[in-house]
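As the structure is a computational prediction, the values presented were derived from the model and not from experiment.
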Amino acid sequence: MDISSYVLLSQEQALRRRLDIVSNNIANMNTVGFKREQPVFREYVEQTDSAVKPAQKTSFVLDYGAVHDVSNGAFQPTGNPLDVMIDGPGYLSVQSGDGSIAYTRAGFVKVLESGELATAGGQVILGAGGKPIKVPPEEAGRVSVVADGTVMGSTGPLGRIAVTVFESEAAVDPRGDGMFTATGGRELPADQTKLMSGGVEGSNVNAIVETTDMIQILRAYQTSQSLSNSMSDMRKSAIDKLGRVG
């Protein structure tokens, strides 16, 4: 296989990666708190030995991962005063069943029988300082959340929902269940926290944009296949001519 075939192969692998990401985005158009992903590719340039012939550069496409589009999704009212949407960057910190810390943008909030605030999936939501927020039994049905994340009862604040931000979204990895894993985050102080209560954040996936991307991927793949077929015909023609000369 000559170098041109390897270049085309790297291009087609990149297109397959793009298609996987676009398909996942479309599949999560209605997933609360979902952030569309964008592929990141890196160019790898290989230079031939200038001692043999004039130096030439060959450019390959390498998959460098994916990053999240951090723009906000639309606010979707739910009628539950505990449900929240983060207005800006950051994630809610939750405690998984195995005790590990995970993060989410899905702001469905409920009160467990133990009195702790939790997500719709039952993961305990962590407040400031990494501590759970407990609602006394007599306050059930009377609590609300204000803009800085403070959970208010009839007699005063019960705690504050923490919002954690990260220096780079590339460090935030999706787990596949609406949760993310990451390290090195920091909690936003109350004066930098902005929550909208009474609803959740919808997916920020735009169907028209994703469909357009899918069409572009298809056309690029067709072009790559056409070039591959042309090079194959050229090699067959060259071999045929060499055979006749022999």
Side-chain angles (χ1 to χ4, degrees), residues 7-44 59-79 83-92 94 102-109 119-121 163-182 185 188 192-228:
V7 172
L8 283 177
L9 180 59
S10 73
Q11 162 73 354
E12 290 173 5
Q13 288 178 327
L15 291 173
R16 172 60 184 272
R17 172 65 169 162
R18 285 183 59 192
L19 183 61
D20 288 342
I21 291 176
V22 169
S23 299
N24 185 59
N25 288 341
I26 293 176
N28 285 280
M29 282 180 54
N30 298 316
T31 300
V32 170
F34 180 81
K35 297 295 186 184
R36 71 181 295 266
E37 290 186 318
Q38 298 172 296
V40 177
F41 298 109
R42 181 168 63 91
E43 181 183 29
Y44 172 74
S59 176
F60 297 89
V61 182
L62 299 181
D63 181 7
Y64 209 60
V67 295
H68 300 99
D69 176 359
V70 297
S71 61
N72 283 357
F75 180 73
Q76 298 179 348
T78 61
D83 288 344
V84 294
M85 168 183 165
I86 301 173
D87 186 9
Y91 299 83
L92 302 178
V94 302
Y103 303 91
T104 184
R105 293 276 300 193
F108 289 116
V109 181
T119 65
V163 174
T164 302
V165 296
F166 300 90
E167 292 298 325
S168 172
E169 283 295 314
V172 183
D173 297 320
R175 273 190 354 187
D177 56 353
M179 297 290 168
F180 299 85
T181 57
L188 290 178
Q192 295 180 21
T193 300
K194 289 186 64 177
L195 296 181
M196 300 173 63
S197 60
V200 295
E201 179 186 18
S203 169
N204 67 351
V205 174
N206 185 310
I208 295 176
V209 171
E210 302 302 328
T211 302
T212 301
D213 284 351
M214 187 169 286
I215 292 173
Q216 291 176 343
I217 293 169
L218 175 61
R219 289 177 176 170
Y221 187 78
Q222 290 173 336
T223 300
S224 179
Q225 284 293 294
S226 178
L227 287 172
S228 179

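Listed by chain and number, the residues in a salt bridge (charged side-chain N to carboxylate O under 4.0 Å, His left out) with E210 are R36 (sequence neighbours excluded). Residues that satisfy the side chain to side chain contact (heavy atoms under 4.5 Å, CB included) test with P174, not counting sequence neighbours, are E37, H68, F180.
Taking every heavy atom of both residues into account, R175 and A102 meet most closely at NH1-CB, 3.8 Å. Contact detail for S23 and M214: the closest heavy-atom pair is OG-CE, 4.0 Å. In terms of heavy-atom proximity, F75 sits nearest to G198 at CZ-C, 3.9 Å. Between A106 and V32, the shortest heavy-atom contact is CB-O, 3.8 Å. Minimum heavy-atom separation, A182 to A171: CB-O, 3.6 Å.
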Next on the checklist: Walk me through whether V172 and Y103 qualify under side-chain contact (heavy atoms from CB on, under 4.5 Å).
Outcome noted: CA-CA 9 Å; V172 183; Y103 303 91; 5.9 Å; no
Next on the checklist: V22 vs I26, test: side-chain contact (heavy atoms from CB on, under 4.5 Å). Steps then yes/no.
Outcome noted: CA-CA 6 Å; V22 169; I26 293 176; 4.0 Å; yes
Checklist entry - Run the side-chain contact (heavy atoms from CB on, under 4.5 Å) check on R17 and I217 step by step: do they pass? => result CA-CA 10 Å; R17 172 65 169 162; I217 293 169; over 6 Å; no
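N28 CG to K35 NZ: the interatomic distance, rounded to the nearest 0.5 Å, is 13.0 Å. Atom OG of S203 and atom CD of Q76 lie 9.0 Å apart (nearest 0.5 Å). Atoms CG and CG, on L195 and D83 in that order, are 12.0 Å from each other to the nearest 0.5 Å. R18 CZ to Q38 CD: the interatomic distance, rounded to the nearest 0.5 Å, is 11.0 Å. How far CD of E201 is from OG1 of T104: 9.5 Å, rounded to the nearest 0.5 Å. L218 contributes atom CG, which lies 9.5 Å from atom OG1 of T223 (distance to the nearest 0.5 angstrom).
Within the 4.5 Å cutoff, no side-chain heavy atoms of V70 are placed close to those of P89. Side-chain contact between Q192 and V165 is absent, with no heavy atoms from C-beta onward closer than 4.5 Å.
When the options N24, L19, N25 are evaluated for a side chain to side chain contact (heavy atoms under 4.5 Å, CB included) with I21, the one that passes is N25. Considering D87, I86, V84 as possible partners of V163, the one that fulfils the side chain to side chain contact (heavy atoms under 4.5 Å, CB included) test is I86.
A distance-only check finds no donor-acceptor pair linking the side chain of R105 to the backbone of M179 [under 3.5 Å].
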